[in-house]
Amino acid sequence: MNEDVSAAKAENVDETTENTVETEAQAAEETTEAKEPTAEEKLEEMTDKYLRKLAEFDNFRKRTMKEKADLILNGAERTVSAFLPVVDDMERALENAAKSEDIEALREGMNMIFQKLEKTLASLGVKKIDTTDADFNTDFHEAIAMVPGMGDDKKNKVIDCVQTGYMINEKVIRHAKVAVGA
């Protein structure tokens, strides 16, 4: 009798195990099916991502355009601010010129203002184009006169600078107007 009970229990355990395995397999299939998105859900998700990226790019474009407009409008602010002390000095010099009779003091004051102006230009990246004993170069010079009879050693050389040229950050902003030996 114990054998029959043991056999019955073993059959019962086998059936329970089979039922449990089958139930777990069905639950796993249902979970897998529930987790796998449908094509419509995938399309909806991708559309949402696309619209978000499009809005993000549009915001970036608008922000960039606004920053560029601000730079254009306020770009001269740094330059003008740098020149204001020179303008102040010039105003004071003009006021004192009317009161002073000492020409040498006026000359010295004007020279100091000019030196301050040159320093201000240099701080902004502006340099004079050197024409002293320079070969004529159309990248930097504009010939306004040809001076004949200067000899072979002065041919195509800058003889005289009529108007100083300037560069800013290695870009010519005004060519030097020069007389060239012919």
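Hydrogens, waters and symmetry mates are skipped; everything else that's a heavy atom, side chains included, is used.
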Distance-only criterion, 3.5 Å: show the donor-acceptor pairs between side-chain atoms of residues 158-179 and protein atoms not counting sequence neighbours.
{"from": "Glu170", "atom 1": "OE2", "to": "Lys127", "atom 2": "NZ", "distance (Å)": "2.9"}
{"from": "Arg174", "atom 1": "NE", "to": "Thr164", "atom 2": "O", "distance (Å)": "3.0"}
{"from": "Arg174", "atom 1": "NH2", "to": "Thr164", "atom 2": "O", "distance (Å)": "2.6"}
{"from": "His175", "atom 1": "NE2", "to": "Asp139", "atom 2": "O", "distance (Å)": "3.4"}

Side chains of residues 101-115: which donor-acceptor partners sit under 3.5 Å, not counting sequence neighbours?
{"from": "Asp102", "atom 1": "OD1", "to": "Glu104", "atom 2": "N", "distance (Å)": "3.3"}
{"from": "Glu104", "atom 1": "OE1", "to": "Arg107", "atom 2": "NH1", "distance (Å)": "3.4"}

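In terms of heavy atoms, Ala143 sits closest to Val180 at CB-CG2, 3.9 Å. Across all non-hydrogen atoms, the minimal contact from Arg78 to Ser123 is NH2-O, 3.8 Å. Between Met146 and Gly181, the shortest heavy-atom contact is CE-O, 4.4 Å. Scanning all heavy atoms of the two residues, the minimum distance from Thr120 to Ala82 falls at CG2-O, 3.3 Å.
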Chi angles and distances behind the side chain to side chain contact (heavy atoms under 4.5 Å, CB included) call for Arg63, Glu67: CA-CA 6 Å; Arg63 185 176 58 249; Glu67 288 171 357; 3.8 Å; yes

Salt bridge (Lys or Arg N to Asp or Glu O under 4.0 Å) between Asp88 and Arg92, intermediate numbers included: CA-CA 6 Å; Asp88 294 339; Arg92 282 191 291 275; 5.2 Å; no

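The distance from atom CG of Asn59 to atom CG of Leu54, rounded to the nearest 0.5 Å, is 10.0 Å. The distance from the OG1 atom of Thr79 to the CG atom of Leu121 is 9.5 Å, given to the nearest 0.5 Å. Between atom NZ of residue Lys42 and atom CE of residue Met46 there is a gap of 10.0 Å, rounded to the nearest 0.5 Å.
Heavy-atom neighbours of Glu40 CD from other residues, nucleotides or ligands within 6.0 Å: at or below the threshold of 12.
The pair Asp133-Lys157 does not count as a salt bridge, with every side-chain nitrogen at least 4.0 angstrom from each carboxylate oxygen. Salt bridge Glu45/Lys49: present, at least one basic N to carboxylate O contact under 4.0 Å.
Inter-residue side-chain proximity for Phe136 and Thr138 is flagged as met; some heavy-atom pair is nearer than 4.5 Å. For the pair Thr131 and Phe140, the minimum side-chain heavy-atom distance is 4.5 Å or more. Arg61 is listed as a side-chain neighbour of Met65, based on a closest heavy-atom distance under 4.5 Å.
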